[in-house]
Amino acid sequence: MYLSTSRASDIAGNTPAPKGPVRAVPGTVFALGLVSLVTDVSAEMVTAVLPLYLMAGLGMSPLAFGALDGLHQGATAVLRLAGGRIADRTRRHKLVAGTGYALSAGCKAALLAVTTPWSVAAVLAADRTGKGLRTAPRDALISLSVPPGEQGRAFGVHRAMDTAGALLGPLAAFGVLWVAVDGYEAVFTVSCCVAVLGVVLLALFVREAPPPATAPAAAPARAARPAPPPVRTLLRLPGLRGLCLTAAVLGLFTVGDAFLYLLLQRRLDLPAAYFPLLPVGTAAVFLLAALPVGRLADRLGRRRVFLGGHVLLLGAALLLLAPVPAGAPLVFGVLAALGLFYAATDGVLMAAAGPLLPAGLRTTGLAVLQTAQALARFAGSLLFGSAWTLWGPGVALGLAATGLLLSLVAVAVFGGTRAERPS
């Protein structure tokens, strides 16, 4: 990750976490966790049924689904940057995040009106636009609420609550499909209602971040607020360029969990009605591990934990490739590795980047990092879907696992030797 200057390395994850009894997180972190919990129930209800709905129900090819899965990851890149810059310029993190949540809620209702694969894809693109708009301001609100040494714990608490929603969402989708025959529309209806509840909770309980106290006391009261610097200036900040490069290199070979679930379902010959239960196992592990792994990252170093998470993802891919009997050990192994991967990467990456960024530019900086990762995953999904279409799922997964292994070796070797000095 090129966090090789001693100060940047300490800030990015080697600063010892506070000792003593575990303290409650700030109210903003808890409230945002509650909003994310409810929103994720809504989102994961749709995500849990989406692969089968598109590929089995609407006849989408693996290549087309790969493009759509990549769209989920990368098509919102511009909106991530725009949302970050707007939030930093206006200091209205809550308003920008709320706009993103509201847009996603509206898209859940729009799913009821579309019936072709690419009209569904257009609605999902708009939904991902809302996610791209809200993610950086939300993470900035969390980061600005806690001191640098507790970033991992705060993001761990938020991601644990977020993942509780990811656990409940597939269960809710499974319940709807169990009761309603071919009940995709029922799933979309319930998902829309829950998404609206998330927007209401955000409006009522989340507080705006306090303005950064960076101006000198003698500064004129009416002094103009400087505009955030361009992206190239942000990338000169100590450690941020290395974080972006690492996230992009590893993201290029990060296989989407939807593809892993489809491969697991094929290995198990699992009936379609039980397919939504696969994400439940991943979410359960993520829920249990998010806070402990976040605290571990504060102590051990966020770089090490982030890389370790990708080693676990590689393990999940190798399990699917190995001649392991299609039974409980395969299921538990793949889902546990995938859940631990998310626990070790999702919030940990944001926790590593937050303290490297000044308060007035934190949203933009986090958006730059998220964009680098999202664009790489977009390209990776396209490549994986193309390989699946041309050579089959086994070859596609083997190529992705090889690429991820080589990327981990490259990051581990070169990330610890190249120095990056403060600008």
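We number each residue from 1, following the sequence as shown.
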Subject >> Side-chain heavy-atom pair Val411, Leu307 within 4.5 angstrom cut-off >> reply: yes
**OP:** Answer whether the closest heavy-atom distance between the side chains of Leu349 and Gln370 falls below 4.5 Å.
**Re:** no
With a 3.5 Å cut-off and sequence neighbours excluded, list the donor-acceptor pairs that the side chains of residues 396-407 form with protein atoms.
unit_1 : atom_1 : unit_2 : atom_2 : d
Thr402 : OG1    : Gly398 : O      : 2.9
Ser407 : OG     : Gly403 : O      : 2.8

Original post:
Which pairs with one or both residues in residues 191-202 pass salt bridge (charged side-chain N to carboxylate O under 4.0 Å, His left out), sequence neighbours excluded?
Top reply: none
Kindly list each side-chain donor-acceptor pair under 3.5 angstrom involving residues 94-114, sequence neighbours excluded, with atom names and distances?
unit_1 : atom_1 : unit_2 : atom_2 : d
Lys94  : NZ     : Ala203 : O      : 3.1
Lys94  : NZ     : Val206 : O      : 2.7
Thr99  : OG1    : Leu95  : O      : 2.9
Ser104 : OG     : Gly100 : O      : 3.4
Ser104 : OG     : Asp127 : O      : 3.1
Ser104 : OG     : Asp127 : OD1    : 3.4
Ser104 : OG     : Arg134 : NH1    : 2.8
Lys108 : NZ     : Asp127 : OD1    : 2.9

Original post:
Sequence neighbours excluded, which residues qualify as side chain to side chain contact (heavy atoms under 4.5 Å, CB included) partners of Pro358?
Top reply: Leu237, Leu361
Subject >> Residues that Ala337 engages under side chain to side chain contact (heavy atoms under 4.5 Å, CB included), provided they are two or more places apart >> reply: Ala316
Original post:
Who are the side-chain hydrogen bond (donor to acceptor under 3.5 Å, both in side chains) partners of Thr163, not counting sequence neighbours?
Top reply: none
Original post:
Which pairs, with at least one residue in residues 110-125 and sequence neighbours excluded, count as a salt bridge (charged side-chain N to carboxylate O under 4.0 Å, His left out)?
Top reply: none
Subject >> With sequence neighbours excluded, residues passing side-chain hydrogen bond (donor to acceptor under 3.5 Å, both in side chains) with Ser42 >> reply: Ser191
**OP:** Please tell me if the side chains of Phe205 and Val200 come closer than 4.5 Å, counting only heavy atoms from C-beta onward.
**Re:** no
Original post:
Is Thr345 close to Leu313 at the side-chain level, that is, under 4.5 Å between some pair of heavy atoms?
Top reply: no
Hey, can you pull the donor-acceptor pairs under 3.5 Å for the side chains in residues 25-40, sequence neighbours left out?
unit_1 : atom_1 : unit_2 : atom_2 : d
Ser36  : OG     : Leu32  : O      : 3.1
Ser36  : OG     : His158 : NE2    : 2.8
Thr39  : OG1    : Val35  : O      : 2.8

**OP:** Could you list the residues that satisfy side chain to side chain contact (heavy atoms under 4.5 Å, CB included) with Leu291, not counting sequence neighbours?
**Re:** Arg153, Val157, Arg295
**OP:** Sequence neighbours left out, what pairs pass salt bridge (charged side-chain N to carboxylate O under 4.0 Å, His left out) with at least one residue falling in residues 359-376?
**Re:** none
Original post:
Is there any salt bridge (charged side-chain N to carboxylate O under 4.0 Å, His left out) pair reaching into residues 155-169, and which pairs are they, with sequence neighbours excluded?
Top reply: Asp139-Arg159, Arg159-Asp346
